[in-house]
Each structure stands twice: as C-alpha cells, then as structure tokens.
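One structure below.
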There are 2 protein chains.
Amino acid sequence: MELPGLSKGELVIAKLLCDRSPATVREIFESLPEDQPMDFATVQTYLRRLETKGYASSILESKTRIYSSKSQASSIVKRTVDELLSRLFGGSKMPLVRHLIEERSITSDELQELKELVDQLAEQKKTTAKSKQARKK
Amino acid sequence: MELPGLSKGELVIAKLLCDRSPATVREIFESLPEDQPMDFATVQTYLRRLETKGYASSILESKTRIYSSKSQASSIVKRTVDELLSRLFGGSKMPLVRHLIEERSITSDELQELKELVDQLAEQKKTTAKSKQARKK
DNA sequence: ATTGTACCAGTACAAATGTACTGGTAGCAA
DNA sequence: TTGCTACCAGTACATTTGTACTGGTACAAT
C-alpha cells in the first residue's frame, strides 16, 4: 500500500486535515492560513483527491461530508521530509539540520531548546548503551 | 526578480547542476543517482527549463552546450526548505529540527556533531551579545 | 410556498510536470 | 566518403496540479 505522493497544495490540506481530523470541508476551509486563501470548492477538490489517493476517508453525515485523515501527521511529515532529503541532501539528514540552525538566524530561545534536546538525547543514548551492555548483546 | 518555484524533478537537476556547475548535459546525466534513472533527453529538458526559469544559463561551446547555475545551492535549499516550513510547520523551523532529530534514529556520531554545533552557536551568541553591549546598541 | 443558504457531486480547463521521441548535423572511425 | 556517435533544438503528449464554476438539493427563515 504505497501511497502516491502529495503535491504541494495537497500537502497543505493534508496537514490541516491531520491536525483536525475528523473535519468538514468548511472547517478545513476556515482554518486556512489567510496568507494563502483558496476557494471553498478548491478545498473540496483537494479533499476529494486526498481520499482518492488513500490519505483520507469520508462519510456523509446527513448532508455534510466528514473527512478523516487516514495517516498520522507524523507519517506525512516523515514522507515529505524523506523526499526532500533524498532530493537535496543525498538522503542524509545532518546537512539539513545544519542548514536549519546555521544558515538561518537562531534565537536564544531556540538555541536553548536545542540544547535541551541534545542533552536529553545524550542521556537517552547513554541509557540505551548501558542496557545493551547489560544484555551483553 | 522573483524566481518561479521548482518542481520536484527540476529540483534534483538544479541541485546536481549547482554542485558541478559549469557542466554539460552528459555530466549531469551521468551524475544522476542510479536509484532514479532518467533519459538523457529528459535531463536536457530539465536543464532547458531551468534556464527558462532563470536558474541557469548556458553557452554553446563548439557543439556542446555548457550549463552554469545562476544560483548558489544554498539559496535553492533555502527557498525549498522555506516552502516546506510554511506548508507543514506554520513557518517555524524548530518543529522540523525536532522531527529530524527525534523522530528519526540518530547515531552517536550525529549526536556528537550536533553537540559541537550547539556549542559553537552558543559561543557565537555570547560574543555577539557582548559586542552588542560594547557598542551599547 | 418562496427564497436564501450550505453543501454536494460532477465537470472544466489551462498550466505545469514528467518523460521522451525525432530529425538534423558535426566530427571521427573505417 | 560513409557510417556511426554525440549532441542539439524542437516537439509531443499523457498526467497531475491549481483553481474554480455549476446545477441540484435539503433545510431554515420569511
């Protein structure tokens, strides 16, 4: 069940749907960021296409169709990012990480957040290593 | 001079071109990752389109056309990542950073690299702050 | 009963995209 | 000089994408 890729436009709607699933066309329509408005009917079309592509399902609840996402936001994100990585960075992620935190100005808050993340990961790593050792893998 | 967006396919070629510019069609063709082969003529078409869109220029050097990228890889990357960020993460980058280092298994080496990066940034930040203070901005 | 109002399914359609064939030519091998 | 190669410009074309109109209908307000 290899889902077909999503176009740029579909992606926006897919993400919105994930975050609010289940939702009506109108709900999605209204949650559009106002910097890129879109016709109600256009949203409709995108949702229909998402369903066709297997990313969503829907039921007709007395006159109103309710769409539900069939995939987690995380999996859509993963898929999309994977594509990006393979297209631009030969599949490895560190170059992108670097790009994100080097080529763009980072705020102190973000830096702080990042630091915590790293510490946390390091901690986790240590634990994993230990338990591995314990199990004498 | 707002360059038009690049499609997924164009992006691959654009990146390849950036990395080797100037290059002939054949060179690009041969540097294609073998997991997604493509006809020579298709590469030709992509390059032509890149030129039309303003991302590349070319000259005919005695029977062979030589393409050069007109933009830095970094700016193409930036543009593409920006798009992704706005589409999937409301424009902020930390969620993507998080995704990259949390949702995907990270190796010790990568973690180490990340740690260094963070330290380096912290250092830089401190310096900046100081000089700002010195200048009594 | 009449008229809006919402929403739906279907259809439309130009532009962008992915992918490639073709006919022509210049240079080199035979 | 005759092919065979490489390469080029141009053209082709089915799909996908972006974007939206339409005609029909059910429910609500008049």
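Please read all numbers here as calculations on a predicted model, not as lab measurements. Residue numbering restarts at 1 for every chain, and letters A, B, ... go by the order of the sequence lines.
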Contacts table for residues 34-47 of chain B: side-chain donor-acceptor under 3.5 angstrom, sequence neighbours left out:
from	atom 1	to	atom 2	distance (Å)
D39(B)	OD1	A41(B)	N	2.7
T45(B)	OG1	A41(B)	O	3.0

Could you work out, with side-chain hydrogen bond (donor to acceptor under 3.5 Å, both in side chains) as the rule, every residue matching E27(B), not counting sequence neighbours? none
Rounding to a whole Å, what distance do you find between R65(A):CZ and dA6(C):C1'? 15 Å
Here the residues of residues 6-17 of chain A within 4.0 Å heavy-atom distance, strictly under, of DNA chain C are none
Side chain to side chain, I13(A) and L32(A), heavy atoms closer than 4.5 Å: yes
Whole angstrom value for the distance that separates C1' of dA9(C) from CZ of F40(A): 12 Å
Just N and O in the side chain of T42(B): are any of them under 4.0 Å from OP1 or OP2 of dA20(C)? yes
What is the separation between atom OH on Y55(B) and atom C1' on dT17(C), rounded to the nearest whole Å? 15 Å
Rounded off to whole Å, could you give me the CD-to-P distance for the Q36(B) and dG18(C) pair? 10 Å
Show the atom names and distances, to 0.1 Å, of all donor-acceptor pairs under 3.5 Å that link a side chain in residues 90-102 of chain B to residues at least two apart or in another chain.
from	atom 1	to	atom 2	distance (Å)
S92(B)	OG	F89(B)	O	3.3
K93(B)	NZ	S105(A)	O	2.9
K93(B)	NZ	E110(A)	OE1	3.4
R98(B)	NE	E113(A)	OE2	3.1
R98(B)	NH1	E102(B)	OE2	3.1
R98(B)	NH2	E113(A)	OE2	3.2
H99(B)	NE2	R104(B)	NE	3.1
H99(B)	NE2	R104(B)	NH2	3.2

Each nucleotide N or O in nucleotides 22-30 of chain D that has a protein N or O under 3.5 Å away: list the pair and distance.
none

May I have the distance from I66(A) (atom CD1) to dA9(C) (atom P), rounded to whole angstrom? 12 Å
Residues two or more places apart in sequence or in another chain: which of them pass side chain to side chain contact (heavy atoms under 4.5 Å, CB included) with E83(B)? K8(A), R79(B), R87(B)
Would a 4.5 Å heavy-atom cut-off, applied to side chains only, mark L6(A) and L50(A) as touching? yes
Taken in chain and number order and not counting sequence neighbours, the residues that satisfy side-chain hydrogen bond (donor to acceptor under 3.5 Å, both in side chains) with K115(B) are none
Output every pair passing ring pair (Phe, Tyr, Trp, His ring centres under 6.0 Å) with a member in residues 106-127 of chain A, not counting sequence neighbours, ordered by first then second residue. none
Sequence neighbours excluded, every pair satisfying salt bridge (Lys or Arg N to Asp or Glu O under 4.0 Å) that has a member inside residues 13-24 of chain A: K15(A)-D19(A)
For residues 41-54 of chain A, which residue pairs qualify under salt bridge (Lys or Arg N to Asp or Glu O under 4.0 Å), counting only residues two or more places apart or in two chains? E10(A)-K53(A)
In whole angstroms, how far is the P atom of dA6(D) from the CG atom of D39(B)? 15 Å
Which residues, if any, of residues 46-53 of chain A bring a heavy atom under 4.0 Å of DNA chain D? Y46(A), R49(A), K53(A)
Tabulate below the donor-acceptor pairs under 3.5 Å that side-chain atoms of residues 59-71 of chain A make, not counting sequence neighbours, or state none.
from	atom 1	to	atom 2	distance (Å)
R65(A)	NH1	S58(A)	OG	2.8
S69(A)	OG	S71(A)	N	3.2
S69(A)	OG	S71(A)	O	2.7

With a 3.5 Å cut-off and heavy atoms only, can you find an N or O donor on one side and an acceptor on the other between the side chain of T45(A) and the base of dA20(D)? yes
From CG of L60(A) across to P of dG10(C) the rounded distance in Å is 12 Å
